[in-house]
Peer 1: 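Attaching a single structure in structure tokens format; questions to follow.
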Amino acid sequence: MSDTNGRPAADGYEISTDPSRLDAARIHHWLSTDAYWALGRTREKQDRAIAGSLNFGAYDTASGAQVAYARVITDQATFAWLCDVYVDRSARGTGLGTALVTAVRDHLEPFGLRRILLATFDAHGVYEKIGFSLLDDPEHWMALRFPGGDAPGR
């Protein structure tokens, strides 16, 4: 792994926030075909999401190929939303997902944010390892959903 500057940190992977390294076609394929929350997302919508976000890529140090992705929407002062976390099937089970989310947390910590939120259907254990917990007061949170958005019903 590596930190967000692309320095190696362990096991043949590095993590970077350099937008020029992102493989947008691969990210779109992963999310639109294999991520329950983004099935069918268009390439145009994914490209807009990437352009408006802080992006983290994880790369195989031997080949340079992107093997994981995470996206953060943040004002870099008070709030962040972690989303679109995806690890290629070939790299799952290596600890890369935990390392990626840890890199996100560590990158955002100096901003002094009040909170980082995320939503997950099935990966609570990954996030709990690095400090995420269920909301203390979910009854205070609300959502406005628009018809035709990603992942209906979620």
Side-chain angles (χ1 to χ4, degrees), residues 1-74 76 79-111 113 115-135 138 141 143 145 149-154:
M1 311 302 158
S2 77
D3 67 16
T4 56
N5 294 319
R7 291 189 295 265
D11 297 83
Y13 299 106
E14 63 181 2
I15 298 169
S16 175
T17 57
D18 180 352
S20 70
R21 294 187 70 186
L22 295 172
D23 185 337
R26 178 173 275 191
I27 294 166
H28 174 255
H29 175 75
W30 284 335
L31 297 178
S32 68
T33 65
D34 195 38
Y36 68 83
W37 65 90
L39 293 175
R41 184 180 291 170
T42 67
R43 174 67 190 269
E44 185 271 334
K45 184 176 272 195
Q46 184 61 49
D47 287 349
R48 280 191 292 135
I50 289 170
S53 302
L54 172 60
N55 300 279
F56 293 76
Y59 305 89
D60 179 286
T61 55
S63 68
Q66 186 169 354
V67 293
Y69 175 71
R71 184 167 70 86
V72 177
I73 300 116
T74 183
Q76 298 185 0
F79 179 81
W81 178 265
L82 173 61
C83 55
D84 288 346
V85 178
Y86 187 91
V87 177
D88 188 82
R89 290 184 178 275
S90 68
R92 291 181 188 172
T94 64
L96 182 56
T98 300
L100 179 60
V101 177
T102 299
V104 170
R105 180 200 63 199
D106 293 351
H107 185 90
L108 296 174
E109 188 173 16
F111 297 148
L113 305 174
R115 66 180 50 96
I116 302 169
L117 291 181
L118 64 87
T120 184
F121 184 70
D122 59 358
H124 295 77
V126 171
Y127 300 106
E128 288 168 345
K129 287 179 193 176
I130 64 144
F132 282 86
S133 61
L134 296 176
L135 292 173
W141 294 87
R145 293 180 178 89
D150 287 348
R154 298 216 193 259

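Computed over heavy atoms, backbone and side chain alike; hydrogens, waters and symmetry mates excluded.
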Peer 1: Do side-chain atoms of H28 reach the backbone of R41 as a donor and acceptor pair under 3.5 angstrom?
Peer 2: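 Such a contact is found between H28 side chain and R41 backbone.
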Peer 1: Work out which heavy atom in H29 is nearest to a heavy atom in T33; give both atom names and the distance.
Peer 2: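 Here H29 and T33 meet closest at O-OG1, 2.5 Å.
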Peer 1: My understanding is that only residues two or more places apart in sequence, or in another chain, count here; which of them pass salt bridge (charged side-chain N to carboxylate O under 4.0 Å, His left out) with E44?
Peer 2: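 Here the qualifying residues are R48.
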Peer 1: Which value, rounded to the nearest 0.5 Å, describes the distance between H107 atom NE2 and T17 atom OG1?
Peer 2: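 Taking NE2 in H107 and OG1 in T17, the distance rounds to 5.0 Å.
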Peer 1: For a quick test of reading the model, state the closest non-hydrogen atom pair linking Y59 to S16 and the distance between them.
Peer 2: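 Looking at all heavy atoms of both residues, the closest pair is CE1-CB, 4.0 Å.
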Peer 1: Once you round to the nearest 0.5 Å, how far does CG of D11 lie from CG of D60?
Peer 2: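 Taking CG in D11 and CG in D60, the distance rounds to 11.5 Å.
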Peer 1: Would you please say whether a donor-acceptor pair under 3.5 Å links the side chains of W37 and D84?
Peer 2: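 Short answer, yes.
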Peer 1: Where do Y13 and A91 come nearest, in terms of heavy atoms and distance?
Peer 2: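 Of all heavy-atom pairs spanning Y13 and A91, the closest is OH-CB, 3.8 Å.
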Peer 1: Is there side-chain contact between Y69 and I50, with heavy atoms separated by less than 4.5 Å?
Peer 2: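 Yes, side chains in contact.
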Peer 1: Any idea which heavy atoms bring A35 and Y86 closest together, and the distance?
Peer 2: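 Closest pair (atom of A35, atom of Y86, distance): CB-CD1, 4.4 Å.
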Peer 1: Hey, mind stepping through R105 and L82 against side-chain contact (heavy atoms from CB on, under 4.5 Å) and telling me if it holds?
Peer 2: CA-CA 9 Å; R105 180 200 63 199; L82 173 61; over 6 Å; no
Peer 1: Heavy-atom distance under 4.5 Å between the side chains of I27 and R71, does that happen here?
Peer 2: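 SC-SC contact between I27 and R71 ruled out.
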Peer 1: Indicate the atoms forming the closest heavy-atom contact of A99 with I15, along with that distance.
Peer 2: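 Heavy atoms of A99 and I15 come nearest at O-CD1, 3.6 Å.
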Peer 1: Tell me whether the NZ or CZ atom of R115 lies within the 45° cone about the ring axis of F132 and under 6.0 Å from its centre.
Peer 2: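 Verdict for F132: no cation-pi partner in R115.
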Peer 1: Please confirm whether the backbone N or O of V87 pairs with a side-chain atom of R92, one donor and one acceptor, at under 3.5 Å?
Peer 2: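 Judged by distance alone, yes, a pair lies under 3.5 Å.
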Peer 1: Can you tell me how far the CG atom of L113 sits from the CZ atom of F79, to the nearest 0.5 Å?
Peer 2: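 L113 atom CG to F79 atom CZ measures 9.5 Å (nearest 0.5 Å).
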Peer 1: Check the pair D88 / R26 against salt bridge (charged side-chain N to carboxylate O under 4.0 Å, His left out), numbers first and verdict last.
Peer 2: CA-CA 10 Å; D88 188 82; R26 178 173 275 191; 5.5 Å; no
Peer 1: Would you tell me whether D18 and S20 have side-chain atoms, one donor and one acceptor, within less than 3.5 Å of each other?
Peer 2: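 The answer is yes; a qualifying pair exists.
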Peer 1: When rounded to the nearest 0.5 angstrom, what is the spacing between OG1 in T98 and NZ in K129?
Peer 2: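 The NZ atom of K129 is 4.0 Å from OG1 of T98, to the nearest 0.5 Å.
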Peer 1: Report yes or no: does E128 contribute a side-chain atom to a donor-acceptor pair with the main-chain N or O of I130 at less than 3.5 Å?
Peer 2: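 No, because the side chain of E128 does not come within donor-acceptor range (under 3.5 Å) of the backbone of I130.
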Peer 1: Once you round to the nearest 0.5 Å, how far does CG of L54 lie from OG1 of T74?
Peer 2: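 It is 7.5 Å, given to the nearest 0.5 Å.
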Peer 1: Between Q66 (side chain) and D23 (backbone), is there a donor-acceptor pair under 3.5 Å?
Peer 2: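 Flag set: sc Q66 to bb D23 pair under 3.5 Å.
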Peer 1: What distance do L118 atom CG and C83 atom SG have between them, rounded to the nearest 0.5 Å?
Peer 2: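 So the gap between those two atoms works out to 9.5 Å.
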